[in-house]
Amino acid sequence: MLHPAPGSDADMVEGERCTMSHERAITIRRLSENDLRLAQGIDVSEEGQSVFRYINGELTTEPRKWHRPALDAPRWERTITTWAQVHRWDVVIGAFDGATLIGMASLRYRLTETVAQLVSLHVSRAYRRHGVATRLLQELMRLARQSNARELYVSATPSASAIGFYTRHGFAPTAHVNQRLYDLEPEDIHMTLTL
């Protein structure tokens, strides 16, 4: 179930735009439950040669070749169900290039009394490194602040691209992990951002 942001209109991001370096206007808006089927068009594939680890208060890398394939429609459906039921997201926003969903992000307003959770953030491979993920993150941060959260928590994929993105935006690894999320994703780097 998707919920409106506390104290805001359900269409608060309707019409917000960002312009990519190749001059396409990208629209950021709230996704309806019906819009979620469009996620299967997002190419989440990625690969790398190393992964991050957070051990004894230190963020380090270790060499390990990895690959995340694109998701087919049934896998997207299972992933979205997990985000909705296990992580209990409250709001999902999307980035559109025309009618094409090119990125999406979701937020849970209350992981704890003062902490919101960034549940998911994905941008289609062809649209990465054009500011789309930053715009989605900025909107989730705004919504988290609006819900009176003081901190934003993310369980980040331990890839260089994900950890680099989050650290550039002020997130830092936390030793105070949410045990339930850690148990679900023990290899992730659990990070927080003061809002």
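The basis for the numbers below is simple: all heavy atoms, side chains too, and nothing from hydrogens, waters or symmetry mates.
Counting only distance, with no hydrogens or angles, the side chain of W66 and the backbone of S50 share a donor-acceptor pair below 3.5 Å. Not one N or O on the side chain of R30 forms a donor-acceptor pair closer than 3.5 Å with the backbone of V91. The backbone N or O of G164 sits less than 3.5 Å from a side-chain atom of R168, completing a donor-acceptor pair. Looking at T174, its side chain never comes within 3.5 Å of a backbone N or O of V177 through a donor-acceptor pair. A donor-acceptor distance shorter than 3.5 angstrom exists from the side chain of Y153 to the backbone of N178, with no hydrogens or angles considered. Side-chain atoms of T112 come within 3.5 Å of backbone N or O of V115 as a donor-acceptor pair.
Summarising the local packing, CZ of R75 is surrounded by 12 or fewer heavy atoms from other residues, nucleotides or ligands at distances under 6.0 Å. Heavy atoms from other residues, nucleotides or ligands lying under 6.0 Å from NE2 of H176 number 12 at most.
No side-chain heavy atom of E187 sits under 4.5 Å from any side-chain heavy atom of V51. Here the side chains of Q40 and T79 are not in contact, with every heavy-atom distance at 4.5 Å or above. Contact of the I80 side chain with the V92 side chain is not registered, since no non-hydrogen atoms from C-beta on lie closer than 4.5 Å. Using a 4.5 Å heavy-atom threshold, the side chains of D35 and R29 count as touching. Within the 4.5 Å cutoff, the side chain of V154 has no heavy atoms near those of the L121 side chain. Residues L181 and H87 meet the side-chain proximity criterion, which asks for heavy atoms closer than 4.5 Å. When side chains are defined from C-beta on, R150 does not count as touching L195, because their heavy atoms never get closer than 4.5 Å.
Minimum heavy-atom separation, I163 to A156: CD1-CB, 3.8 Å. Counting all heavy atoms, side chain and backbone alike, S120 lies closest to L140 at O-CD1, 4.4 Å. Closest approach of R110 to D90, counting heavy atoms only: N-OD2, 4.3 Å. Taking all atoms of both residues into account, the shortest heavy-atom contact from L143 to Y109 is O-CE2, 4.2 Å. Between G94 and L136, the shortest heavy-atom distance links the atoms C-CD2, 4.0 Å. Closest approach of A95 and I26 over heavy atoms only: CB-CG2, 3.9 Å.
Judged purely by distance below 3.5 Å, without hydrogens or angles, the side chains of D43 and S45 pair a donor atom with an acceptor atom. Side-chain atoms of S159 and S161 form a donor-acceptor pair, as typed in the model, at a separation below 3.5 Å.
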Could you walk me through whether Y127 and I42 pass the side chain to side chain contact (heavy atoms under 4.5 Å, CB included) test, one step at a time?
CA-CA 10 Å; Y127 289 86; I42 298 174; over 6 Å; no

Is there a salt bridge (Lys or Arg N to Asp or Glu O under 4.0 Å) between R53 and E58? Walk through the geometry before answering.
CA-CA 8 Å; R53 294 281 169 249; E58 216 172 300; over 6 Å; no

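The aromatic rings of W76 and H122 sit perpendicular, their planes meeting at an angle over 60°, well past the 30° parallel limit.
With sequence neighbours excluded, no residue satisfies side chain to side chain donor-acceptor pair (under 3.5 Å) with E62. Evaluation of the side chain to side chain donor-acceptor pair (under 3.5 Å) rule for T134 yields H169 as partners, not counting sequence neighbours.
With values rounded to the nearest 0.5 angstrom, L36 atom CG is found 5.5 Å from M104 atom CE. Annotation: the span from S155 atom OG to I189 atom CD1 amounts to 9.0 Å, rounded to 0.5 Å. The structure places OG1 of T157 at 12.5 Å from CZ of F165, a figure rounded to the nearest 0.5 Å. Once rounded to the nearest 0.5 Å, the distance linking CZ of R142 with CZ of R145 reads 10.0 Å. A distance of 5.5 Å separates CE in M191 from OG1 in T167, rounded to the nearest 0.5 Å. Note that OG1 of T192 is 11.0 Å distant from CG of L111, once rounded to the nearest 0.5 Å.
Taking the six-membered ring for Trp and the full ring otherwise, Y182 and H190 have centroids separated by under 6.0 Å.
With salt bridges taken as basic N to acidic carboxylate O contacts below 4.0 Å, none links R37 and E77.
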